[in-house]
Amino acid sequence: MTRSAHPASLPDHVDVVIVGAGISGIDAAYRVQSQCPDRSYAVLEARDSLGGTWDLFRYPGVRADSDIYTLSFPFQPWTGENSMADGGEILDYLRRTVEQFGIDRHVHCGTKVVAANWCGETARWTVTVERTGGDDGPQRSTLTCSFLYMNTGYYDYERGHDPQFPGIESFAGTVAHPQFWPDELDYAGKRVVVIGSGATAITVVPAMARDAAKVTMLQRTPTWIGTQPRRDRFADKLRRRLPAGWAHRVIRARNAAYATGFYHYCRRFPDRARALLTTAAARRIGDDAVREHFTPPYAPWDQRVCVTADADLFKAIKREEVDVVTDHIDGFVAEGIRLRSGAVLPADIVVPATGLRMLALGHIAVSVDGRPVEPARHMLWRGAMLSDVPNFALCFGYVNLSWTMRADLTARLVCRILNHMRRADLAAVTAPAEAGVGEKPLIELASGYVQRGVDTFPRQGDRGPWRMHQFYPRDVAAVARANLRRELRGVPRASVPLPGAGSPTGDDLRLGG
């Protein structure tokens, strides 16, 4: 979807503004229009096309690092061949979904939200946007909404993590950051060094190895890596025997149970999990290589366990198309990278797959009656609403399971809140902070990218509605039994002044405008 495919002008007011048109934003739009059909909504997307992560990342081999049946939507069966889907396949799936359900009529691409302020007197958000296009550059305008729902993801789309490697300016080759991949980069026959060993590195390395002269994966610390088939035989058999919708639900439930079970197995039995992962890798590349390069000093799922599809990374190592070096970078030189050991890795192209820069609200200045909202000073109620911020929700998915599983659960909860407000005739609801609740980081992983940015995110609590369990069945039950009347503080619509001249009528305000 390009700018020409979305509505030309923004509405003055909608019931719900959804910020972001990636997987979670599309899911939110579907839930709002299907579960709250009498509410108007708009999806505001800063980029020129929808898709979020899958439109942004264009590096070789980009794919999901979890199975597509849990990453895809529960209301839109996945019909592709691969269970570990490529980025292009996922993007096509998202585009088909928005067209099939008419969501594209509500998506405004090239519309960057820069600020949002809640006015308690009118019980509305004023959203300030910059729209691209035109001869005069970006133009600012505003719209209002009754409920603001942030689906901006958890990392900075404008900047990746920059470790500030010494001497990088002296490197004579090309530096290609995965987040901003050069469209015309030719790496055929070139020497490539990929810095890092996370999810990006283990996908880009075997993909580039097919054409490059040699690819070296340079890592400071090993990462736990498991294998998963690109095609799911169980899924293929089931889809031949059942209608698409039924098959999708069964496969999704089965895969979610497996992923969740493996996560908790790793947390409860770390030594057994270590043995399981190292034994599987050793069958591919041998014990010596595993001991040197694929045995991290931390337990599985202290940081993410990455996945190599069809063991493509291990196969490329076995074919000697890929070398793995575990060392520290001393600095860059003209011909490549000098290591702390004194060796120099020659390179024509360096790919710094050094991680993401975490960002809670996508550079958007959020305020309540003019007072800035700092996410880190708030707790997250039911994984959805910031404490003491009215009519405001944000989506934060799972880190141990596909993002979409939690995103869809949160979207359904938001729709419950909207319908509760309608039934109770409330203009606003707030999740009030609760005294005595212990605070914990929202993400409890030791990964570098998490530790660099988690302190800027909302906090979770140690109990009750403030705790995110990272366990889907438990979260489903917790959300289902949430008592919105007791847990949320409401503002009666009758206490909000009627709109002034040029604003919606009293009936319009009651019905959302």
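When a residue number appears, it is its place in the shown sequence, counting from 1.
Ring-plane geometry between Tyr69 and His248 is classed as tilted, the angle between the planes lying from 30 to 60 degrees on a 0 to 90 degree scale. Using bins of under 30°, 30° to 60° and over 60° for the plane-to-plane angle, the ring pair Tyr30/Phe75 lands in the parallel bin. By the 30° and 60° cut-offs, the orientation of the rings of Phe57 relative to Tyr155 is tilted.
In this structure, the side chain of Asp15 engages the main chain of Ser40 through a donor-acceptor pair within 3.5 Å. Using modelled atom types, no side-chain atom of Arg140 and backbone atom of Arg131 make a donor-acceptor pair closer than 3.5 Å. Although no hydrogens or angles enter the test, the distance criterion places a donor-acceptor pair under 3.5 Å between the side chain of Arg382 and the main chain of Ala478. No donor-acceptor pair closer than 3.5 Å links the side chain of Thr410 to the backbone N or O of Ala384. Distance alone, capped at 3.5 Å, is enough to place a donor-acceptor pair between the Asn391 side chain and the Val429 backbone. Looking at Trp224, its side chain never comes within 3.5 Å of a backbone N or O of Asp302 through a donor-acceptor pair. A donor-acceptor pair under 3.5 Å links the side-chain atoms of Arg39 to the main chain of Leu418, judged by distance alone. Judged by distance alone, the side chain of Thr404 and the main-chain N or O of Leu71 form a donor-acceptor pair under 3.5 Å. The backbone N or O of Gly370 lies less than 3.5 Å from a partner atom in the side chain of Asn117, making a donor-acceptor pair. With Tyr93 contributing its side chain and Gln76 its backbone, the two residues share a donor-acceptor pair below 3.5 Å.
Sparse packing is recorded around CG of Asp12, with 12 or fewer heavy atoms of other residues, nucleotides or ligands lying under 6.0 Å away. Remark: Arg220 CZ is loosely packed, at most 12 non-hydrogen atoms of other residues, nucleotides or ligands lying under 6.0 Å away. Other residues, nucleotides and ligands place no more than 12 heavy atoms under 6.0 Å from the CZ atom of Arg474. More than 12 heavy atoms of other residues, nucleotides or ligands shown are found within 6.0 angstrom of CZ on Arg463.
Between Phe396 and Trp403, the distance separating the two ring centers is shorter than 6.0 angstrom. Between Phe392 and Trp125, the distance from one ring center to the other falls under 6.0 angstrom.
We find that Asp92 and Arg96 are not joined by a salt bridge, their nearest charged nitrogen and carboxylate oxygen being 4.0 Å or further apart. Between Arg377 and Glu374 there is a salt bridge, since at least one side-chain N of the basic residue sits less than 4.0 Å from a carboxylate O of the acidic one. Ion pairing of Asp183 with Arg58 is absent here, as no side-chain N (NZ or NE/NH1/NH2) approaches a carboxylate O to less than 4.0 Å. Between Asp86 and Arg63 there is no salt bridge, since none of the side-chain N atoms of the basic residue sits less than 4.0 Å from a carboxylate O of the acidic one. Ion pairing of Arg467 with Asp475 is absent here, as no side-chain N (NZ or NE/NH1/NH2) approaches a carboxylate O to less than 4.0 Å. Under the 4.0 Å criterion applied to side-chain N and carboxylate O atoms, Asp156 and Arg357 are assigned as salt-bridge partners.
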Run the salt bridge (Lys or Arg N to Asp or Glu O under 4.0 Å) test on Asp425 and Arg493 for me, step by step, so that the C-alpha distance in whole Å, both residues' side-chain angles and the decisive distance to 0.1 Å come before the verdict.
CA-CA 6 Å; Asp425 200 27; Arg493 189 170 297 279; 3.6 Å; yes

Under the criterion side-chain contact (heavy atoms from CB on, under 4.5 Å), I'd like the reasoning laid out for Phe147 against Ile417: C-alpha separation, chi angles, the key distance, then a yes or no.
CA-CA 10 Å; Phe147 200 99; Ile417 295 168; 4.2 Å; yes

Test log, rule side-chain contact (heavy atoms from CB on, under 4.5 Å), inputs Asp232 and Asp67
CA-CA 9 Å; Asp232 185 335; Asp67 78 279; over 6 Å; no

Between Ile68 and Met84, is the side-chain contact (heavy atoms from CB on, under 4.5 Å) condition met? List the steps.
CA-CA 6 Å; Ile68 191 61; Met84 299 291 288; over 6 Å; no

Go through it in stages, so that I can follow the logic: the residues are Lys112 and Glu130, the test is salt bridge (Lys or Arg N to Asp or Glu O under 4.0 Å), and I'd like the CA-CA distance, side-chain angles, deciding distance and then a yes or no.
CA-CA 5 Å; Lys112 180 180 181 180; Glu130 284 185 353; 5.2 Å; no

Verify salt bridge (Lys or Arg N to Asp or Glu O under 4.0 Å) between Asp65 and Arg304, making sure each step is shown before the conclusion.
CA-CA 10 Å; Asp65 61 354; Arg304 287 193 64 135; 3.2 Å; yes

From CA spacing to verdict: side-chain contact (heavy atoms from CB on, under 4.5 Å), Trp381, Thr430
CA-CA 10 Å; Trp381 173 84; Thr430 306; over 6 Å; no

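Looking at every heavy atom in both residues, Tyr59 comes nearest to Pro178 through CD2-O, 3.5 Å. Nearest heavy-atom pair across Phe165 and Pro352 is CE1-CB, 4.5 Å. The shortest heavy-atom contact between Tyr149 and Cys395 is CE1-N, 4.1 Å. In terms of heavy-atom proximity, Ser402 sits nearest to Thr70 at OG-OG1, 2.5 Å. Taking every heavy atom of both residues into account, Ala199 and Cys306 meet most closely at N-SG, 3.5 Å. Of all non-hydrogen atoms in Val496 and Ala427, the two that sit nearest each other are CG2-CB, 3.4 Å.
Only one option out of Trp301, Phe471, Tyr258 pairs with His264 in a ring-ring contact (aromatic ring centres under 6.0 Å, His included); it is Phe471.
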